[in-house]
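Notes follow the structure.
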2 protein chains.
Amino acid sequence: MDYKFRCDCPFTSAIDILGDKWMLVIVKQMLVEGKETFKDFTESEEAIATNVLTIKLKLLEELGLISKSKLPHNKKTNIYRLTAKGLELTPILVELAAWSDHNLRDMHPTLQKGKGIDLLRADKEAFTRTLVTSYQQKLGIKNDGPNE
Amino acid sequence: MDYKFRCDCPFTSAIDILGDKWMLVIVKQMLVEGKETFKDFTESEEAIATNVLTIKLKLLEELGLISKSKLPHNKKTNIYRLTAKGLELTPILVELAAWSDHNLRDMHPTLQKGKGIDLLRADKEAFTRTLVTSYQQKLGIKNDGPNE
DNA sequence: GTAATTACTTTCAAAATGCAAGTAATTAAT
DNA sequence: ATTAATTACTTGCATTTTGAAAGTAATTAC
């Protein structure tokens with residue numbers, strides 16, 4: 001797992017890891033859409049191809065951004081979850097969404113509106129905290145609660 | 001100029017535009033390294049290929065993120081500058097750099113340190129404002145000052 | 001035991017990127 | 001005024017990344 005970086009610039013090095021069509025989209029699907037299994041991802045609106053999904057999940061795991069595990073009584077289904085390191089991507093995602101909201105609407109008239117966007121506009125940091133804590137809470141429920 | 005978006009998600013739509021190896025790197029080179037001409041970009045450490053550079057500069061201009069102009073007494077050299085819309089990408093870049101600083105150092109030991117990073121750590125918003133205002137100030141000097 | 005589900009892998013096509021060389025217009029040098 | 005250098009590209013081709021479709025092995029449900 002020796003990733004090649006173009007140079008020593010912190011901006012560029014993040015883009016070396018995250019600058020493609022899928023890495024951050026997968027993280028978003030986990031964070032805001034609660035996706036956890038391979039199947040969940042293939043069924044999403046964004047419809048990532050399974051070969052690419054396999055590669056990207058592997059990479060995200062190698063980078064320590066997500067973890068891969070199984071539930072107690074299911075030997076088949078893999079459960080993918082964001083690690084603390086992965087959750088630190090949330091502010092990046094929030095800034096991307098804010099930028100879309102401000103700059104893409106004329107080019108993309110059907111871009112989502114609603115409660116989420118309103119909170120994002122009102123208070124970016126609060127929006128970020130909400131995403132992170134609600135994700136952590138869901139995990140807590142799943143790990144501590146009665147096993148499915 | 002009808003860009004294709006995968007869906008109506010604001011996160012994903014930003015990634016549709018910015019999610020590649022070069023778009024944000026070019027913006028960074030303008031914002032923090034003061035690059036303005038085609039030649040400037042080809043001479044950078046990141047060494048973008050000229051064919052790709054041409055395509056990306058065109059796209060950034062079509063999207064209204066950069067402007068293309070010439071200096072009064074030079075019919076050859078094109079000057080590329082960030083627009084207000086392009087400057088709004090700064091918070092995204094800052095979050096990317098902060099994430100690199102926090103999460104990439106073990107994987108990438110030669111990642112930059114120094115004054116810039118210290119300010120970034122101390123106060124992300126101040127760092128963002130500094131980048132934006134110093135870029136705008138440089139433009140002001142170039143546009144209002146004595147012509148070269 | 002059979003069928004469905006899940007997490008992949010494989011194959012091949014298409015698109016993005018990388019590298020090297022070439023070109024046209026402009027500017028600088030003699 | 002002619003030649004050389006510079007700038008902003010374009011072109012051609014190899015490589016890498018991504019996309020679409022089909023196939024497979026292990027597990028689970030009926």
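These values consider heavy atoms only, across backbone and side chains, with no hydrogens, waters or symmetry-generated copies. In what follows, every chain begins at residue 1, and chains take the letters A, B, ... in the order their sequences are listed. Note that this is a predicted model, so its numbers are computed, not measured.
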Worksheet item: If you walk 5' to 3' along DNA chain C, what is the first nucleotide with an atom under 4.0 Å of a heavy atom in chain A, and what is the last?
Response: C/dT5 to C/dT11

Worksheet item: Do you know the tightest heavy-atom contact between A/L111 and A/R105?
Response: O-NH1, 3.0 Å

Item to complete: Under 4.0 Å between any heavy atoms, over every strand shown, what does A/T77 touch: base, sugar-phosphate, or nothing? Just pick one.
Response: sugar-phosphate

Worksheet item: Less than 4.5 Å apart, any side-chain heavy atom of A/Q137 and any of A/T133?
Response: no

Discussion item. Taking any heavy-atom pair under 4.0 Å as a contact, classify A/K68: base, sugar-phosphate, or nothing.
Written reply: sugar-phosphate

Worksheet item: Are any of A/K21's side-chain N or O atoms less than 4.0 Å away from OP1 or OP2 of D/dG19?
Response: yes

Worksheet, complete the sentence: By nearest-heavy-atom nucleotide on DNA chain D, the more 5' of B/F38 and A/G19 is B/F38

Practice prompt. Remember a base hit wins even if backbone is also touched, and classify B/T42 as base, sugar-phosphate or nothing at under 4.0 Å, heavy atoms.
Written response: nothing

Item to complete: Could you let me know what D/dT16 is paired to, Watson-Crick or G-U wobble, both distances under 3.5 Å, or none if it's on its own?
Response: C/dA15

Worksheet item: Could you state the NZ-P distance from A/K56 to D/dT17, rounded to the nearest angstrom?
Response: 8 Å

Practice prompt. May I ask you to say what B/K58 touches in the nucleic acid, namely base, sugar-phosphate or nothing, with a heavy-atom cut-off under 4.0 Å?
Written response: sugar-phosphate

Discussion item. Tell me the interatomic distance from B/D20, atom CG, to D/dT16, atom P, rounded to whole angstroms.
Written reply: 19 Å

Practice prompt. Using a strict 4.0 Å threshold on nitrogen-to-oxygen distance, state whether B/E95 and B/K124 make a salt bridge.
Written response: yes

Worksheet item: Do you know which two heavy atoms are closest between A/I15 and A/R6, and how far apart they sit?
Response: CG2-NH2, 3.6 Å

Worksheet item: How many Å lie between NZ on A/K4 and P on D/dT17, as a whole number?
Response: 13 Å

Worksheet entry | Flag for A/T37-A/D40: side-chain donor and acceptor within less than 3.5 Å | yes

Discussion item. Taking any heavy-atom pair under 4.0 Å as a contact, classify B/Y80: base, sugar-phosphate, or nothing.
Written reply: sugar-phosphate

Practice prompt. Would you give the length of the straight line joining atom CD1 of A/I66 to atom CG of A/L87, rounded to the nearest 0.5 angstrom?
Written response: 12.0 Å

Worksheet item: Atom CD1 of B/I48 to atom P of D/dT10: distance rounded to whole Å?
Response: 14 Å

Fill in: Salt-bridge present (A/K138, A/E36; N to O < 4.0 Å)
no

Worksheet item: Reckon B/N74 touches a base, only the sugar-phosphate, or nothing at all at heavy-atom distances under 4.0 Å?
Response: sugar-phosphate

Practice prompt. Look at all strands and tell whether A/T54 reaches a base, only sugar-phosphate, or nothing, counting heavy atoms closer than 4.0 Å.
Written response: base

